[in-house]
Amino acid sequence: MSDVTNTPIPAHQGGGEIAADAPKAAKKKYSVFLPRTDLPMKADLPQREPKRLELWKSEKLYERVEAKRRADNAAGKGKGRRILHDGPPYANGAIHIGHALNKILKDMVVKSLWLDGYESPYIPGWDCHGLPIEHAVEKDLGPKRREMPRSEFLAKCRAYASKWIDTQRTGFQRLGVLGAWDAPYVTMEPKYEAAVVRLLGELFESGSVRRKLKVVHWSYGARTALAEAEVEHADKTSPAITVAFPVSDEEARHLDLPTPLYLPIWTTTPWTLPSNLAIAMHPDMEYAVVKAVDRYYIVAVSLLEDFQKKLGVELHTKGIRKGLAFQSLKARHAWLDRESPVLLADYVTADTGTGLVHTAPDHGVDDFNLAHHLGLLQLVGPDGRFVPAVNDPDLEGKNIFDTNPIVVEKLRAIGALLHLESLQHSYPHCWRTKTPIFFRATEQWFITMDDELTGKGKSLRELGLDGVDATKWVPAQGRNRIHAMISGRPDWCISRQRSWGTPITVLRCSECGEPMVNADVFTKAAAAIEEVGIEAWFDMPLEQLKPAGATCTACGSTTFQKETDILDVWIDSGVSATVVCQTSPELTPEDYGNFIYLEGSDQHRGWFHSSLLFNLAASGKKPYDTVVTHGFVLDGKGQKMSKSLGNVITPEEIMKTLGAGGNHEDPGRRYLAPVGGQRGLQRGHPHLQGNSGAQRRCLSQDAQYPALPAGHPGGIRSGAR
């Protein structure tokens, strides 16, 4: 930058007080001191910034700053180390305005720490495994995917992710963000994948991982189980039906009940009725036995009025009993030759329906916990279609949601349909395929929340809640949000039935399926993966992994097979704090536990959550001491930006017109930086232009120049543009 000199300029040239035109005695003239500079009148940021960035790169500015702060610390003159750990963006597209906001805020934190005298290495990261990339590659391959060997398919996934890493890295650097761009952490690098496998071994050793049959969120679009963080809600219209389950006269007389008697249930998922195995009633709720023309029904007293409206006939109460009185009652399935016994459950409510709850243990968490002892029918395949075991040609092979009308007509034909209406409600959908999800009982790997972890003296839930309380949350209400989530969350399903991801490196008995969890298997698998990547697990001969003389602890078999499930991608990013301290030359194990995390507020449910739990399960120590959240970029009307609404402002648009920043001329940062933890940033194209003008005015008003002599009447604070 050129030196700025202050040179007196005659008033008639540069300003000051001008003598009046009248021929009076001339007033004393004063000079105004304005700066002379070689700086161009026009900032021209879109053209000049790339040159400045190239200069920073050629001069290794990031490395020089870090080296200076490191030397200051070594000499005892520095503040120590304060490190922001980068939450990795997903490598499957160009950067968007949310990426820009997040990276700009992180860069401001790192540079502020440098200015304060801290050593603050910034290691960018990328999340690379998972369903979105796998889907994109499958779409590109089309029918060729079916004949392609796994190793070749995984190589194409790597190439796809690498392409977008390069694209995003260029975009982030264009924003003026300094960091170790030539040495980021990348979750698909073999050394990273191997580190995850070793940590997985520690998770198993801690006793926090179990394989069990449970009901999980299932995406038929992705054909895999989903974690809670992978579930989003959208409006859906469903058929809400009231269905009569008959009770035999013998069963009714056994409890001194009138005949013919029916138990009416209410459901918004007619397709689950083929899997019905029971009816749930609350033991302490009052139920009325009512007569409607020539039938009798049992209905919760508080829901009688609504039930009467649905039937359209007058009801006559014949008696009232608590739900406990019906615990031995057995109904029959509405159209199948199968019993549907009454089971008592505290979760039954009288908010809607009849107070009697249809129970299908294959398709509901409460249903499973209450009635899995009655068996599982497993009538729905991973693609969301009924399998041959349903034994119904009207249903077999059809998507479950497409069979709702078929089931309704079956009920109508036999006189079991008491009422039908359409209900618009919020329904869970797969965050990637956007298809509605359903609950499905399958065997999966889970991290347990409530079992005491070996050597830690507490459960993962207890450790997690302690970790939340020991962390500084900015804004402070972030603590309450994540505390509530961890307090109520179920066991974490960590297995996926896909290909592109870190394998769960255990062996399972070929005869009974019992897992053999062995530290040697993890060690051998990690060593092989570190050489060539996750392909090694699938390509290694089984005999190289199997311990000598290994037998199944459950059945005594000596034959084993490799697990084919992969890890939930949230584990890859969740353990990044541990892995980056082990693998990055700029970090040390001592840095772990002292990180700053800075992400959007949605990450209470995502990365903040997974980082805390997965690292605690592996090491017993939380990764961060400070967590900061920011809002989101909205359009000028306060709406979320989306391609479908046509209201997206891309970072590229901003940089082409106004530049990005990373220096004192910073419209991009002035545009994005005001986002707080409680609100979104409401911006549109007019706001951006206005912000740029405000920025210029602010820079002009803030410029400070040497004061003129005391009492000088021409003294001003201004800057020449």
**Prompt:** Sub-3.5 Å donor-acceptor pair from the side chain of Thr359 to the main-chain atoms of Val357, do we have one?
**Reply:** yes

**Item:** Nearest-0.5 Å distance, CD of residue Glu286 to OG of residue Ser302
**Value:** 9.0 Å

**Message:** Can you tell me how the ring of Tyr427 sits relative to the ring of Phe401, calling it parallel under 30°, perpendicular over 60° and tilted otherwise?
**Reply:** perpendicular

**Item:** Sequence neighbours excluded, every pair satisfying salt bridge (Lys or Arg N to Asp or Glu O under 4.0 Å) that has a member inside residues 501-516
**Value:** Glu443-Arg508, Arg508-Glu563

**Asked** Do other residues, nucleotides or ligands put more than 12 heavy atoms under 6.0 Å from the CG atom of Asp256?
**Response** no

**Request:** Count the heavy atoms of every other residue, nucleotide or ligand shown that sit under 6.0 Å from CD of Gln497, and state whether that count exceeds 12.
**Result:** yes

**Request:** May I ask you to decide if Ala225's main-chain N or O and Arg440's side chain share a donor-acceptor pair within less than 3.5 Å?
**Result:** no

**Asked** Are any side-chain N or O atoms of Asn615 and backbone N or O atoms of Gly574, one a donor and one an acceptor, separated by less than 3.5 Å?
**Response** yes

**Asked** Taking Arg496 for the side chain and Leu131 for the main chain, is one N or O donor matched with an acceptor at less than 3.5 Å?
**Response** no

**Asked** For His483, what residues pass the ring-ring contact (aromatic ring centres under 6.0 Å, His included) criterion, not counting sequence neighbours?
**Response** none

**Request:** Taking Asp362 for its side chain and Leu376 for its backbone only, find out whether a donor-acceptor pair lies under 3.5 Å.
**Result:** no

**Message:** With a 3.5 Å distance limit and no angle check, can you tell me whether Arg461 reaches the backbone of Ile486 through a side-chain donor-acceptor pair?
**Reply:** yes

**Asked** Sequence neighbours excluded, which residues qualify as ring-ring contact (aromatic ring centres under 6.0 Å, His included) partners of Phe446?
**Response** none

**Item:** Any side-chain donor near an acceptor of the partner, Ser238 and His425, under 3.5 Å
**Value:** yes

**Asked** Taking the six-membered ring where the residue is Trp, are the ring centres of Phe614 and Trp570 under 6.0 Å apart?
**Response** no

**Message:** Salt bridge check, Asp284 against Lys322: does any charged N sit closer than 4.0 Å to a carboxylate O?
**Reply:** no

**Gly384 backbone acceptor or donor facing Trp218 side chain under 3.5 Å** = no

**Request:** Assess whether atom NZ of Lys212 is packed by more than 12 heavy atoms of other residues, nucleotides or ligands within 6.0 Å.
**Result:** yes

Please report, to 0.1 Å, the donor-acceptor pairs under 3.5 Å made by any side chain of residues 257-271, with sequence neighbours excluded.
unit_1, atom_1, unit_2, atom_2, d
Thr267, OG1, Thr269, N, 3.0
Thr267, OG1, Thr269, OG1, 3.1
Thr269, OG1, Thr272, OG1, 3.1

**Prompt:** Any side-chain donor paired with an acceptor under 3.5 Å for Gln444 and Thr442?
**Reply:** yes

**Message:** Just by distance, no angles: are the side chains of His358 and Asn276 close enough, under 3.5 Å, to form a donor-acceptor pair?
**Reply:** yes

**Qualifying salt bridge (Lys or Arg N to Asp or Glu O under 4.0 Å) pairs with a residue from residues 405-417, counting only residues at least two apart or across chains** = Asp392-Lys410, Asp394-Lys410, Glu409-Arg412

**Message:** Given 3.5 Å as the limit, does a donor-acceptor pair link the side chain of Glu251 with the main chain of Ser248, or not?
**Reply:** no

**Fill in**
Interatomic distance, CG@Asp491 vs CZ@Arg210, rounded to 0.5 Å, equals 9.5 Å

**Asked** Is there a donor-acceptor contact under 3.5 Å from the side chain of Tyr220 to the main chain of Phe438?
**Response** no

**Prompt:** Which value, rounded to the nearest 0.5 Å, describes the distance between His429 atom NE2 and Glu230 atom CD?
**Reply:** 16.0 Å

**Request:** Measure from the ring center of Trp607 to the ring center of His609 and say whether it is less than 6.0 Å.
**Result:** no

**Prompt:** Take atom NZ in Lys434; do more than 12 heavy atoms of anything else shown fall under 6.0 Å from it?
**Reply:** yes

**Item:** Set of residues satisfying ring-ring contact (aromatic ring centres under 6.0 Å, His included) with respect to Phe608, sequence neighbours excluded
**Value:** His604

**Message:** To check you understand the geometry: which heavy-atom pair defines the closest contact between Ser340 and Ile279, and what is its length?
**Reply:** OG-CG1, 3.6 Å

**Asked** Heavy atoms, side chains only, cut-off 4.5 Å: are Trp500 and Val569 in contact?
**Response** no

**Message:** If I take atom CG from residue Leu277 and atom CG from residue Asp367, how far apart are they, to the nearest 0.5 angstrom?
**Reply:** 10.0 Å

**Asked** Quick check: are there more than 12 heavy atoms from other residues, nucleotides or ligands sitting under 6.0 Å from CG of Asn480?
**Response** yes

